[in-house]
2 protein chains.
Amino acid sequence: MSEHRANHDTRERILDVAERLFMENGYEATSMRLITGAAEVNLAAVNYHFGSKEALLREVFRRRLEWLNRERLAALDRLEQQAAGGPLKPSQILEAFFGTLLRMGEDESLGGMTFLRLLGRTLTEPAEFIRTFFAGEYEQVIDRYKLALFRALPDVPRAEIVWRLHFMLGAMSYAIAGTDVLQVVTGCGLRDLAGEGSAEGEPGDNVVARRLARRLMPFLLGGLRAPLPQPDDTSGQTQHRTPPAKR
Amino acid sequence: MSEHRANHDTRERILDVAERLFMENGYEATSMRLITGAAEVNLAAVNYHFGSKEALLREVFRRRLEWLNRERLAALDRLEQQAAGGPLKPSQILEAFFGTLLRMGEDESLGGMTFLRLLGRTLTEPAEFIRTFFAGEYEQVIDRYKLALFRALPDVPRAEIVWRLHFMLGAMSYAIAGTDVLQVVTGCGLRDLAGEGSAEGEPGDNVVARRLARRLMPFLLGGLRAPLPQPDDTSGQTQHRTPPAKR
DNA sequence: CTAAGATTAAAACGAACGTTTGAACGAGTC
DNA sequence: GACTCGTTCAAACGTTCGTTTTAATCTTAG
């Protein structure tokens, strides 16, 4: 019982607890005392190991995004290599980008649905240090996937692709956040996405993530390949291309 | 028991300032002193007029959502009346639901893009009182639109429609939040969605809202009408396009 | 006018915040 | 033993939080 903890034990436990509490309450509403209390470590431990509360949040994300970024780039590498210079199919690109993320929700050692929910909820946080952090973490990956989509959809204006990537990220972000504020899903008797209070018979997180992936992916693909909008007079930029999108 | 102009002035100014500051900083990070300072009213004015900080946030939303809910229901009423009992087209339903909202972004007297951004950012806030508030405010409208979609897409399982409504709400929420944390859009030289610091030549908010609507709507419609996902073995509930979901 | 009530103003409340301090502890080395 | 180094600990730091209190000011009816 009265064993002393290993050096890195405290660090890891703080990260795990902070990940969960930041997800449940948000960054601002989660105090250091709440984190250290739940982690059963001293209040000063956070500042000792991480330097500040901001740095703690960054580290919570860094340890997960490191894996995610590497895996996303590797998935794209594999696809491009097997395509031998040709363009990829949009479905392949989306599978590599979103599928890799959603697979984290099935793996508890990668953060599971806790991290996915945290990510989705944090992507809309307005705090400056959060936004600059994410911008830096994501820059490389986003750029590579943008280029892949440009090549995969050569007939679609690039600005349009960028916008649709933005929309897809939004749908995914909101879906994995899983708050369902409007009770669209949870108000229907389907409790798939509800995160809190697992009664008996509730599906495990890995099942939740898999169901979500299976339903989200066709939606995203349908949105990406939807007919292009009509050009609008009030807009400065004009696009003369006719939509080749298929259904 | 009579009207006081000063009263009206202070109340409205607090609401306007709070709307903007909650949008810029989030609820937790916006202090009463920041609000009352920017509104040039006394610190105690918020508690006097609204009772508490939570009640202030609710009132900020209530005065906008009252119009939005009424307008959304009226738009659906018009469609159903002109359809004379027949089912509506999905595009009509989406136009009524999302178009009504996006039109608020063009009208400064309805809050403009400031309120739209606030709404998008608040829909993912985890605070309990916010979630219960939104659930109550949206319940009626969501239910009516759900039913309209069920009738418009009789061959699609209801659970699937609900999920796609959820995804559409997410894409819209993220798009109107306009944070673009990953710099997907803003990193491309397109500054359409960037909210802060309007230099000369920046498009006005009404233009931003219109461009957004024209691009978001086809995306949502494409996602809604995408091919259904394959049934999954790991999931308990398997449904092809035949079974009519219960309700 | 005055009285009453509604609104604003200034000051203080206790609690909670993130962070810092300096001493104490434990394990390894000489 | 004494020494070091990395870590943990209790306590306090100064600040800011949302809210309350009490008095002053304004508006309006009688």
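Letters A, B, ... are given to chains in the order of the sequence lines, protein chains preceding strands, and every chain is numbered from 1.
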Note to self: Rounded to whole Å, please give me the gap between CD1 in A:I35 and P in C:dG18.
What the structure shows: 8 Å

Notebook entry, point to check: A:I14 CD1 to D:dC9 P: how many Å, rounded?
Noted result: 10 Å

Check: To the nearest angstrom, how far is A:F50 atom CZ from C:dT19 atom P?
Finding: 13 Å

Next item on the list: Before accepting this row, confirm whether a basic side-chain N of the pair B:D16/B:R20 lies closer than 4.0 Å to the acidic partner's carboxylate O.
Entry: no

Notebook entry, point to check: Under 4.0 Å between a Lys/Arg side-chain N and an Asp/Glu carboxylate O for B:R121 and B:E24?
Noted result: no

Next item on the list: Run the salt-bridge test on A:R13 and A:E40 with the 4.0 Å N-O cut-off and return the result as yes or no.
Entry: no

Notebook entry, point to check: Can a side chain N or O of B:H49 be found less than 4.0 Å away from OP1 or OP2 on C:dA6?
Noted result: no

Notebook entry, point to check: Does A:T10 make a side-chain N or O approach to OP1 or OP2 of D:dT8 shorter than 4.0 Å?
Noted result: yes

Checklist line | Side chain of A:N47 - closest among C:dT8, D:dT20, C:dT20 | finding: C:dT20

Next item on the list: Sugar-phosphate atoms are those with a prime plus P, OP1 and OP2; base atoms are the rest. Using that split, label each nucleotide of nucleotides 12-17 of chain C B, S or - for protein heavy atoms under 4.0 Å, 5' to 3'.
Entry: B----B

Margin query: Which label fits A:Y145 and A:F97: parallel for a plane angle under 30°, tilted from 30 to 60°, or perpendicular past 60°?
Written below: perpendicular

Next item on the list: Kindly confirm or rule out a cation-pi arrangement of A:R58 over A:F129, judged by NZ or CZ under 6.0 Å from the six-membered ring centre and within 45° of its axis?
Entry: no

Check: To the nearest angstrom, how far is B:E12 atom CD from C:dT7 atom C1'?
Finding: 16 Å

Notebook entry, point to check: Given atom CD of A:E54 and atom C1' of C:dT19, what is their separation to the nearest angstrom?
Noted result: 13 Å

Check: Is the shortest side-chain N to carboxylate O distance from A:R64 to A:E19 below 4.0 Å?
Finding: yes

Margin query: Strictly by side chain to side chain donor-acceptor pair (under 3.5 Å), give each pair with a member in residues 132-144 of chain A just once, sequence neighbours left out.
Written below: A:D77-A:R144, A:E80-A:R144

Item checked: SB check B:R62 B:E59 (cutoff 4.0 Å) -> yes

Atom pairs under 3.5 Å, N or O on each side, protein against nucleotides 21-24 of chain C: can you list them with distances?
none

Checklist line | B:Y48 or A:S52, whichever maps to the more 5' nucleotide of DNA chain C | finding: B:Y48

Notebook entry, point to check: Between D:dA10 and A:N42, is there an OP1 or OP2 to side-chain N/O distance shorter than 4.0 Å?
Noted result: yes

Notebook entry, point to check: Does B:F167 have A:R215 sitting over its ring (NZ/CZ under 6.0 Å from centre, angle to axis within 45°)?
Noted result: no

